[in-house]
Student: 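Have a look at this one before I ask anything.
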Amino acid sequence: MAGMDPRISLAPHMWDGQHELRWSIERIADEALDRAGVELDPRGYLIGIPDGDDALPVLVEPQRDAFDVTRLENLHPHFTSLFEERRARMCPSRTDDESTATWHPDHYLAALREGCRRDVMREALTRAATFADRVVHVGISIVVGDYRVFPVLAVLRDPASEVPRLRTTLADGLGVPGNFPEAVIDDVLRAASHELDRVHPGSLIGLDAGAVLRSAADTFINGCASRAGQKFPHGLRDACDAVSAQTYEGRASLGSVVLAPQGHPDVACEVTFEHDVPVGVPRSFRKALEMTGPGFELLCDGRTVYGIGRMLEGYAPATEEVFEIKVVGNGAWELWHADTPFLRVDNGEPSLPRDVIDVETFAHAVNRVFPDALSEHVDALWGMTQACVRQQHGTMLVVHPDARREGERLLPQAYTIEPTHLGAHAFDALTKIDGAVLVSPDGKCHAVGVILDGAATGTGDISRGARYNSAIRYLAGRGKGSMVIIVSEDGRVDILPHVARRVRRASVERAVAQLVRAADGTTDYEKFSRLDSRAAALEFYFDAEQCEAVNEARESVEQQRWAEERVRMQVVPIAPHPAMDDSYFISPGAEGPPAPPN
C-alpha cells in the first residue's frame, strides 16, 4: 500500500502461537473478573518491542489499529533513564554505605528495573491508544526471540473507576495494586509473563480462574500489609481463611483485626503480648480472636499479633497505613480501609464486597412490588431491615399485602400476634427463634417464627442456603405478590423477587451505538461478539428504536458471516420489555451504589 510506513508489519509475527496466548489472556481475565464481581470487558494484547535490532518493526497482536505503533518506538532510553532516577532516589550509594546497600540486592534492582519498563510502556500505550474509554495495564516483559514482549490488558474506564481504590501505588519502591480487580489483572498478566518465559510459549487455557482469584487476593492483601510497614509480607490471606473457618468451643468466628505496625500513633495498644501470636498458627490466632469485641480488636503487623487495642478516631485515611480485617462469619472475612470494604472472602472464594443495600435502592424495590406504599411505610420496613443487619444471626422478613390472613393460613407454622410496630428490644427478642417475620407493607408485624410453605419449582439455587430457597418456593406459590427480605448472618441482604437494577441511560445508549458501529462492514467477529454480550445484558432497558437497531446489527453480521463462512447463528428479534420505564434510569448526576442485580 502506498504511503504506509514500511516498519509496520501487515502480518505481525513474533512466534508461532501468539494468537492463542493473547486470546487465552483475554478469556481468563474476563472469567476471573466476572467471578470477582466486576464487568470490565478486558481486551488482551501482546506488544513486541525490538530487543537489540532497531530495524525491526514494533509488533502488536492482534493488529486491530488499537495503538499508533509509531508512538511505541525508541522506548529503551526512557526505560534506562527512569530506572537510574529511581535507583538514585530509593537505593543508597554502595560507596557511601555498603552495609545499607545489602537491603537492595540484585533481585530487588531487577524488579525495580522491570517496574520502570512497565511504567514507561503503560504511559506510551496510553498516548498511542486509539480508544479513550479504556485503561491500560502492562505485565512483566519477557524476551522472546528478537522481541521484548509485554502482555497487556485494557479494561473499561468507567466501571473500573467506580470500584474504590487505594491511592498509594508504591511500597518500598515496588508497585502494589490499588484494589482487588487490579490485583486480578496483575495476576493474569503475571501468568502470561510466566508462559512467555517458556522455551515454546503456549496459552493459559488450562489456568483456573479460582486459582487466579486466590493469588490475586494474596497480592492485594500483601500490598496492604506492605503499606502498613511489613517487609516482604506473605501468608496473611491463608491465615485469615483458616481463622475464619475455625470454631472456638462450637462458636463461629467473629471479630476484627487491626493491621498496623507496632507503635503507630493512630493505634492504641491496651494489652501487649509478651510473646507474639503467629498468624500462621490458626488455633492460636482463633483463640486470640475470641478476646475481641466492639472497640477491642487484635493488633497485627501482618505476620504476628502483638496486642489488643483499637484504631483511634484521629487516623488520617490519606496515609493508607492502617487497615482492618473483619471476620464476619464462618469462613467469611473482609478487608477494610477507613469506612470502605475492599475485599471479601467466602469459604476461600475472594470477590469484591457486595454493595450494602442503600435506602434509595430499597425504596425502589418496595415501590415496585407495592405501588401504593407510602414513604413512611418504606421507612418502617427499612428500619426493620437495618435491625436485622445489626444482629449476628440470619433473619427473613416476609412483606405480604394481606399479612393478617396469611398468618392465619400458615398456622400452626407461625406465632401470630396483634398487629403492631415492634420496638428494637421486642424485635431482637422475637427474631431469635427460627422462622420468618411476617409484616404488612405498612411495617406492622403480624406473625413471627413463620415456616414458609411452597413446592419445589426447579428455580432455586443450590449454592444458596435454606432461607433463600424457601423464599423462592414461597414466592412461586401462595406467596406470589409479596416480597421477601433475606438477611444472612454476615449482613448480606437479598430482596426477592429480583427487581431490575437502575442504570445510567448513557450506558445503554453507548452499548447500542458501539454494537451498531461494530456491525458496519465488520470482519472482526470476536469484537462484535463481545459487544453483543454487553448489549444482551442491557436488553431490558432498550426502547423500540434501540431494539430495532440491535436487531438490524445482529442480522447484518450473521448475513455477512454466512456469505464468508457459510455459518450463521439464528437471530431472535428483541422487543421492548413491557415493564420498562424511565424510573429504571439513574437521574443525571445521581450518585450511590446500583440497585440489587437482576
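As the structure is a prediction and not an experimental result, all values here were calculated from the model.
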Student: Side chain of Q230, backbone of D301: donor and acceptor closer than 3.5 Å?
Tutor: yes

Student: V484 and A471: which non-hydrogen atoms are nearest, and at how many Å?
Tutor: CG1-CB, 3.7 Å

Student: Side chains of L33 and I185, heavy atoms from C-beta outward: is any pair under 4.5 Å?
Tutor: yes

Student: Measure the spacing between CG of D379 and CD of Q386 and express it to the nearest 0.5 Å.
Tutor: 11.5 Å

Student: Would you call R286 and E290 a salt bridge, using N to O less than 4.0 angstrom?
Tutor: yes

Student: When you check the gap from the basic side-chain N to the acidic O, do E334 and R344 get nearer than 4.0 Å?
Tutor: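 Here E334 pairs with R344 in a salt bridge, since their nearest N and O are under 4.0 Å apart.
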
Student: Could you walk me through whether L452 and M396 pass the side chain to side chain contact (heavy atoms under 4.5 Å, CB included) test, one step at a time?
Tutor: CA-CA 10 Å; L452 301 181; M396 186 159 56; 3.7 Å; yes

Student: Report yes if the side chains of I451 and L410 come closer than 4.5 Å at any heavy-atom pair, otherwise no.
Tutor: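 No, too far: nothing below the 4.5 Å cut-off.
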
Student: Examine distances only and state if a side-chain atom of R165 and a backbone atom of N179 form a donor-acceptor pair shorter than 3.5 Å.
Tutor: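 Between the backbone of N179 and the side chain of R165 there is no qualifying donor-acceptor contact (under 3.5 Å).
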
Student: Test F362 against V493 for side chain to side chain contact (heavy atoms under 4.5 Å, CB included), laying out the working first.
Tutor: CA-CA 10 Å; F362 183 83; V493 179; 5.9 Å; no

Student: Would you say L335 and F180 make side-chain contact, with heavy atoms under 4.5 Å?
Tutor: no

Student: State, yes or no, whether a side-chain contact exists between L496 and I472 at a heavy-atom distance under 4.5 Å.
Tutor: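 Contact flag for L496/I472 side chains = yes.
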
Student: Got a sec: does the CD of E31 have more than 12 other heavy atoms crowding it under 6.0 Å?
Tutor: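 Correct, the count exceeds 12.
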
Student: R167 and A318: which non-hydrogen atoms are nearest, and at how many Å?
Tutor: NH2-CB, 3.1 Å

Student: Which heavy atom in G223 sits nearest to a heavy atom in V176, and how many Å separate them?
Tutor: CA-CG1, 3.9 Å

Student: Please round to the nearest 0.5 Å and tell me the distance separating atom CD1 of I486 and atom OG of S470.
Tutor: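 These two atoms lie 7.0 Å from each other.
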
Student: Does T292 use its side chain to pair, donor to acceptor, with the backbone of A288 at less than 3.5 Å?
Tutor: no

Student: Would you call S440 and H446 a side-chain contact if the rule is heavy atoms closer than 4.5 Å?
Tutor: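 The answer is yes; the side chains approach within 4.5 Å.
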
Student: Quick one: does T385's side chain have a donor or acceptor within less than 3.5 Å of a partner on L381's backbone?
Tutor: yes

Student: Under a 4.5 Å cut-off applied to non-hydrogen side-chain atoms, are C300 and V279 in contact?
Tutor: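 They are in side-chain contact.
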
Student: Between H421 and D442, is there a donor-acceptor pair closer than 3.5 Å when you use the side chain of the first and the backbone of the second?
Tutor: yes

Student: To the nearest 0.5 Å, what is the distance between CH2 (W333) and CG (N347)?
Tutor: 12.5 Å

Student: Taking the side chain as every heavy atom from C-beta outward, state whether E297 and S256 have any pair of such atoms under 4.5 Å apart.
Tutor: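 They are in side-chain contact.
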
Student: How many angstroms lie between CD in E406 and CG in L411, if you round to the nearest 0.5 Å?
Tutor: 10.5 Å

Student: Roughly how far, to the nearest 0.5 Å, is the CG atom of L397 from the OG atom of S482?
Tutor: 12.0 Å

Student: Mind listing the closest non-hydrogen atom pair of R227 and G178 along with its distance?
Tutor: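 What the structure gives for the nearest pair is NH2-CA, 4.0 Å.
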
Student: I'd like to check the salt bridge (charged side-chain N to carboxylate O under 4.0 Å, His left out) partners of D494; sequence neighbours left out, ordered by chain and number.
Tutor: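 Salt bridge (charged side-chain N to carboxylate O under 4.0 Å, His left out) list for D494, sorted by chain: R354, R464.
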
Student: Test R86 against D119 for side chain to side chain contact (heavy atoms under 4.5 Å, CB included), laying out the working first.
Tutor: CA-CA 12 Å; R86 288 186 178 173; D119 287 347; 2.8 Å; yes

Student: Could you tell me which non-hydrogen atom of L236 sits nearest to which non-hydrogen atom of G302, and how far apart they are?
Tutor: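 It is CD1-O, 3.9 Å.
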
Student: Can a donor-acceptor pair be found, under 3.5 Å and without considering hydrogens, that links the side chain of H264 to the backbone of P261?
Tutor: no

Student: What residue pairs, at least two apart or across chains, pass ring-ring contact (aromatic ring centres under 6.0 Å, His included) with a residue in residues 294-316?
Tutor: Y315-H337

Student: Got a second to check how far I205's CD1 is from I25's CD1, nearest 0.5 Å?
Tutor: 12.0 Å

Student: Can we say R27 and D30 salt-bridge, meaning some charged N sits less than 4.0 Å from an Asp/Glu carboxylate O?
Tutor: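 Here R27 does not pair with D30 in a salt bridge, since their nearest N and O are not under 4.0 Å apart.
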
Student: Does the side chain of I221 come within less than 4.5 Å of F323's, by heavy atoms?
Tutor: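 No, every pair of side-chain atoms sits at 4.5 Å or beyond.
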
Student: Can we say R134 and D41 salt-bridge, meaning some charged N sits less than 4.0 Å from an Asp/Glu carboxylate O?
Tutor: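 A salt bridge is present here (some side-chain N lies under 4.0 Å from a carboxylate O).
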
Student: Considering all heavy atoms of both residues, which atom of A225 and which atom of P233 are nearest to each other, and what is their separation?
Tutor: CB-CB, 3.8 Å

Student: Would you call the rings of F342 and F220 parallel, tilted or perpendicular, taking 30° and 60° as the class edges?
Tutor: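 Because their plane-to-plane angle lies in the 30° to 60° range, the rings of F342 and F220 count as tilted.
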
Student: So that I can tick it off, tell me whether R35 and E349 are bridged by a salt bridge, with the cut-off set at under 4.0 angstrom between side-chain N and carboxylate O.
Tutor: yes

Student: Of all residues at least two apart in sequence or in a different chain, which pass the side-chain contact (heavy atoms from CB on, under 4.5 Å) check with L207?
Tutor: I28, A191, L204, V212

Student: Taking everything shown except E376 itself, do over 12 heavy atoms lie less than 6.0 Å from its CD?
Tutor: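 Yes.
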
Student: Would L189 and V138 count as a side chain to side chain contact (heavy atoms under 4.5 Å, CB included) if you check the C-alpha gap in whole Å, the side-chain angles of each, and the deciding distance to 0.1 Å?
Tutor: CA-CA 7 Å; L189 293 174; V138 180; 5.7 Å; no

Student: I'd like to know whether CZ of R190 has more than 12 heavy-atom contacts from other residues, nucleotides or ligands below 6.0 angstrom.
Tutor: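 Enclosed: over 12 neighbouring heavy atoms sit under 6.0 Å from CZ of R190.
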
Student: Any Lys/Arg nitrogen of D241 or R237 sitting under 4.0 Å from an Asp/Glu carboxylate oxygen of the other?
Tutor: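 Yes.
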
